[in-house]
Engineer: 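Structure below; questions to follow.
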Amino acid sequence: ACYLATGKKLMEQKNPLFDASFIDEDRINRLLAEARRQSASSAPAHLLAVIDRAREAEGLSLEETAQLLFCEDDAVLGELFRTAGAIKQKIYGRRMVFFAPLYLSSFCINNCLYCGYRRDNKFERHRLTLDEIEAEIRALERMGHKRLALECGEDPGECDLDYLEKAISAIYRVREGNGRIRRVNVNIAATSVENYRRLKKAQIGTYILFQETYHRETYSQVHPSGPKRDYDYHTTAHHRAMSAGIDDVGLGVLFGLYDYHFEVLALLSHAQALEKSFGVGPHTLSVPRLRPAAGVDLRTFPHLVTDRDLKKIVAVLRLAVPYTGLIISTREEPALRDELFALGISQLSAGSSTDVGGYASAGSAQSSPAAPQFQLSDRRSPDEVIADLCQKGFLPSFCTACYRQGRTGDHFMPLAKSGSIQNMCQPNAILTFKEYLLDYASPAVRSLGEETIAQHLARIPLAKTRAETEARLERLVQGERDLYF
Ligand code: SAM
Ligand code: SF4
């Protein structure tokens, strides 16, 4: 009640911690109308010029982004995809960072029309006990995971911050063999500055919250009741998190709720607003697409995004914000994920479950989890995904070093932009992948992975760092773990 009262007062003063007027719908609509008009009347040459400028990896303006989003010409799209791939290669090399979601609780007092966990859906809900969390963590560690995204419905009665704090400290504590979760990202409902301070103290990595849709009218239609219905409070959550000292925040749109052209421009406006207030934009962007779920009939959503448009969205984002991580989840099919990796995705989930208790119960007959939040499309194990990535020339990474070395927020960006991060990320990817090969890989992936490591060692720019990486690889073979730059 106290923060709501303060919130109301601040709202009157247009405080970006509570007032989302940085999402300027009129301006976005004007930019889109102009770009649509241009795309209908001019040759694609102007788009090629925009793509050409983007090669410098200095980002795009909202105007340029709008123009590219209306591109329908196959040849120009081909050029867009090649350029996105080249920018990704320049900044991230061939590294792909792994994570897994961990669903803690399916209790939810919201009624989001797209979600299987919404309040009106009747099913047996569950919140993991600390023992059950431990079982989940052991199962995740046995798959090789080091980085998690915690997920839960919003229910202050069933899943409050005290519970989350206990869950996070339990997660950091549990060890299975050499396994340890080293970074816990958190995807929970918008909350107060005070609560974000507590999450920061609990040593979370990134605070992630998806906007779902930036379009106010659609937002209010798909959120008929519950605290999440408050567009301003939800949209300003990242501002509050950053003002509470959380350096890394993640944004996202649930594609399929409203016109993707609008959503992408709004997402970038949000990123710009954060950069303006805090000197650094979001750490990651997520691009989930709407999936079937209990009581969710996709045919009733008129703005579903095609595979081709999703590829365009990922490529345009890679050009628009070259240094921001782009995340893809197992909502997408393996073949499409492969294409998206090449276009700019830098992080992926694998072996995921969207069930509360889904990891420990997998393959066991005793308990089957209650209900998933939505259906998944890529059900391969991390080992299978890794085999595939290695065959395609990517370097799987389980790195969590930046956040543990304090390279977050505005400490990270100058390093990334100067290119010196290459001498940290590439060795760290190799070292964490080696740990995976030693502790978790199947025999086939182990030999494939050793070849991958040999190829990627050669790409560490500094000879001195290369030699040090080789020395540390040997230390890992001798039994040490968690060696990072
Ligand atoms: N309950 C919090 C919230 O809504 O912000 C935490 C995250 S919720 C467990 C994770 C995300 O799942 C939501 O932000 C939403 O974008 C996504 N989601 C919900 N229903 C979905 C569906 N049917 N298909 C794909 N993603 C969905
Ligand atoms: Fe609850 Fe989040 Fe699902 Fe909405 S999206 S119903 S808030 S779990």
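As the structure lists them, so they are numbered: ligands from 1, and atoms in each ligand from 1.
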Engineer: Is Cys115 touching ligand 1 with its side chain, its backbone, both, or neither, if touching means heavy atoms under 4.0 Å apart?
Structural biologist: both
Engineer: For atom 13 (C) of ligand 1, grab the closest protein heavy atom and report residue, atom and distance to one decimal in Å.
Structural biologist: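 I find the closest protein heavy atom is Glu212 OE2, 3.3 Å.
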Engineer: With a cut-off of 4.0 Å, which atoms of ligand 2 are near a heavy atom of Gly153?
Structural biologist: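 That gives atoms 8 (S) of ligand 2.
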Engineer: Which of these, Cys115, Ser105, Cys112, has its nearest heavy atom closest to atom 3 (Fe) of ligand 2?
Structural biologist: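 Comparing heavy atoms across Cys115, Ser105, Cys112, the nearest one to atom 3 (Fe) of ligand 2 lies in Cys115.
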Engineer: Do we see a donor-acceptor contact under 3.5 Å between the side chains of His303 and Tyr260?
Structural biologist: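 Not at all, the side chains of His303 and Tyr260 share no donor-acceptor pair under 3.5 Å.
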Engineer: Heavy-atom distance to atom 23 (N) of ligand 1: which of Tyr114, Tyr103, Tyr117 wins?
Structural biologist: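 The nearest heavy atom belongs to Tyr114.
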Engineer: Examine ligand 1 and decide if any of its atoms is less than 4.0 Å from a heavy atom belonging to Leu209.
Structural biologist: yes
Engineer: Indicate, as side chain, backbone, both or neither, the part of Asn187 found under 4.0 angstrom from ligand 1 when only non-hydrogen atoms are considered.
Structural biologist: both
Engineer: Enumerate the atoms of ligand 2 whose separation from the nearest heavy atom of Lys228 is less than 4.0 angstrom.
Structural biologist: 2 (Fe), 4 (Fe), 5 (S), 7 (S)
Engineer: Answer with yes or no whether the side chains of His283 and Tyr323 bring together a donor and an acceptor at under 3.5 Å.
Structural biologist: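 No, His283 and Tyr323 have no side-chain donor paired with an acceptor closer than 3.5 Å.
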Engineer: Quick one: do the Thr206 and Arg183 side chains pair a donor with an acceptor below 3.5 Å?
Structural biologist: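 Result is yes, a qualifying pair exists.
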Engineer: Could you find the nearest protein heavy atom to atom 27 (C) of ligand 1 and give me its residue, atom name and distance?
Structural biologist: Phe374 CD2, 3.5 Å
Engineer: Which ligand 2 atoms are under 4.0 Å away from a heavy-atom of Cys108?
Structural biologist: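 It comes down to these atoms of ligand 2: 1 (Fe), 6 (S), 7 (S), 8 (S).
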Engineer: Is it the case that the side chain of Glu132 and the backbone of Thr129 share a donor-acceptor pair, with hydrogens and angles ignored and the cut-off at 3.5 Å?
Structural biologist: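 Here the side-chain-to-backbone pair exists.
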Engineer: Give the residue, atom name and distance (to 0.1 Å) of the protein heavy atom nearest atom 24 (N) of ligand 1.
Structural biologist: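 The answer is Arg291 N, 2.8 Å.
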Engineer: Verify whether one side chain among Glu384 and Ser381 offers a donor that lies under 3.5 Å from an acceptor in the other.
Structural biologist: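 Yes, a side-chain donor-acceptor pair sits under 3.5 Å.
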Engineer: If you compare all heavy atoms of Arg337 against all heavy atoms of Ile328, which two are closest, and at what distance to 0.1 Å?
Structural biologist: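 Distance-wise, the nearest heavy atoms are NH1-O, 3.8 Å.
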Engineer: Taking a cutoff of less than 4.0 Å between a non-hydrogen atom of the residue and any ligand atom, is Gln373 in contact with ligand 2?
Structural biologist: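 Yes, Gln373 has heavy atoms under 4.0 Å from ligand 2.
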Engineer: Quick test: of every protein heavy atom, which one is nearest to atom 9 (C) of ligand 1, and how far off is it to 0.1 Å?
Structural biologist: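 Going atom by atom, the protein heavy atom closest to atom 9 (C) of ligand 1 ends up being Gln373 NE2, 3.2 Å.
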Engineer: Determine, using ring centers only, whether Phe98 and His145 are less than 6.0 Å apart.
Structural biologist: no
Engineer: With atoms numbered from 1 as shown, which atoms in ligand 1 lie under 4.0 angstrom from a non-hydrogen atom of Lys228?
Structural biologist: 3 (C), 4 (O), 5 (O)
Engineer: Identify, by atom number and element, the atoms of ligand 1 in contact range of Glu151, meaning under 4.0 Å from any of its heavy atoms.
Structural biologist: 7 (C), 8 (S), 9 (C), 10 (C)
Engineer: Starting from atom 7 (S) of ligand 2, find the nearest protein heavy-atom neighbour and note its residue, name and distance.
Structural biologist: Asn110 ND2, 3.4 Å
Engineer: Establish, for the pair Arg147 and Phe398, whether the NZ or CZ atom is under 6.0 angstrom from the six-membered ring centre and no further than 45 degrees off its axis.
Structural biologist: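 No, Arg147 does not sit over the ring of Phe398.
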Engineer: Could you check atom 17 (C) of ligand 1 against the protein and tell me its nearest heavy-atom contact, residue, atom and distance included?
Structural biologist: Arg331 NH2, 3.4 Å
Engineer: Please work out whether the ring planes of His223 and Tyr114 are parallel, tilted or perpendicular, with thresholds of 30° and 60°.
Structural biologist: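 His223 vs Tyr114 ring planes: perpendicular.
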Engineer: Which of the atoms in ligand 1, numbered in the order shown and given with their element, are less than 4.0 Å from a heavy-atom of Cys152?
Structural biologist: 1 (N), 2 (C), 6 (C), 9 (C)
Engineer: Evaluate the ring planes of His234 and Tyr219, with Trp represented by its six-membered ring, and classify them as parallel (under 30°), tilted (30 to 60°) or perpendicular (over 60°).
Structural biologist: tilted
Engineer: Could you tell me if Ser21 and Asp19 have a donor-acceptor pair between their side chains, going purely by distance under 3.5 Å?
Structural biologist: yes
